[in-house]
Amino acid sequence: GNSVTQMEGPVTLSEEAFLTINCTYTATGYPSLFWYVQYPGEGLQLLLKATKADDKGSNKGFEATYRKETTSFHLEKGSVQVSDSAVYFCALRRPGSNYKLTFGKGTLLTVNP
Amino acid sequence: GAGVSQTPSNKVTEKGKYVELRCDPISGHTALYWYRQSLGQGPEFLIYFQGTGAADDSGLPNDRFFAVRPEGSVSTLKIQRTERGDSAVYLCASSRLAEETQYFGPGTRLLVL
């Protein structure tokens, strides 16, 4: 079946540090890949996405590249801010699956000033 | 414009009771999804509506769970004979077309005592 594995949290960084949150997936076919973010007290928001191999999604300084050979979609940011503190979810959507999302468990990121 | 709204934001009930959770999708969105998020986990798919019909209900855990969308807009998730294990955040998402980005509501936090 389809599954997403994210690195365990929590992750605690100082402001301006480099961020990587690892995400690997298992799926048949060619899924689309997503990163969603949940800020404290808010709903899930789409952060970025990639729909085919070697695509790079980017938004708000975050990037992730769809790597089919390693079945990965790691999230990176060069310099985090306190306002990036949130829970980050990696997700996939497999073609022909009625477009439902399969999520990882989430990674809590805390950025300290 | 308005996002996805869900009511109530919190619901506390007793074991064995019946509950209804409501989702108002973004106007014009034909696809609607329900997910359930247990503590420390990512959201898990429950059911998908395309218009008025449930196109995929494979994620409903058992026959105590049922959802409707009679006019192709508002949806209600119904849980009969609630159990403590049903305690979770129930999320609703909608998209203009199924293959497009899903927008999430803030969720209903259900606690079964």
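Hydrogens, waters and symmetry mates play no part in the numbers below; they use all other heavy atoms, side chains included. Since the structure is predicted, the reported quantities are computational estimates derived from the model, not experimental observations. Quick note on labels: first sequence line is chain A, next is B, and so on, each numbered from 1.
Both the backbone and the side chain of B/Gln102 come within contact range of chain A, judged by heavy atoms closer than 4.5 Å. Heavy atoms closer than 4.5 Å to chain B are found in the side chain of A/Leu46, but not in its backbone. Residue A/Gln38 touches chain B through its side chain alone, counting heavy-atom pairs closer than 4.5 Å. If you measure heavy-atom distances from B/Tyr35 to chain A, the contacts under 4.5 Å come from the side chain alone. The part of B/Ser58 that comes within reach of chain A is its side chain, from C-beta onward, which places non-hydrogen atoms under 4.5 angstrom from that chain.
Partners of B/Tyr33 according to the ring pair (Phe, Tyr, Trp, His ring centres under 6.0 Å) rule, which considers only residues two or more places apart in sequence or in another chain, are B/Tyr48.
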Intermediate values then yes/no, side-chain contact (heavy atoms from CB on, under 4.5 Å), B/Gln37 and A/Phe89: CA-CA 12 Å; B/Gln37 186 175 14; A/Phe89 293 91; 3.2 Å; yes

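In the hydrophobic clustering of this structure, B/Val4 does not group with B/Leu97; members are Ile, Leu, Val, Met, Phe, Trp, Tyr whose side-chain heavy atoms approach within less than 4.5 Å, directly or through other members.
Counting heavy-atom pairs closer than 4.5 Å to chain A, the top residue among B/Pro43, B/Ala55, B/Gly107 is B/Pro43.
The CD atom of A/Gln45 sits 12.5 Å away from atom OG1 of B/Thr101, with the distance rounded to the nearest 0.5 Å. Atom CG in A/Leu101 sits 11.0 Å away from atom CG in B/Leu91 (nearest 0.5 Å).
Other residues, nucleotides and ligands contribute only 12 or fewer heavy atoms inside 6.0 Å of the CG atom of B/Leu39. Surrounding CD of B/Gln41 are more than 12 heavy atoms belonging to other residues, nucleotides or ligands, all under 6.0 Å away. Residue-environment remark: CD (A/Glu8) stays at or below the threshold of 12 foreign heavy atoms within 6.0 Å. A/Tyr30 OH: 12 or fewer foreign heavy atoms inside a 6.0 Å radius.
A disulfide bond (SG atoms under 2.5 Å apart) check over residues 38-100 of chain B, counting only residues at least two apart or in different chains, returns the pairs B/Cys23-B/Cys92.
Aromatic ring centres of A/Tyr36 and B/Phe104 lie closer together than 6.0 Å.
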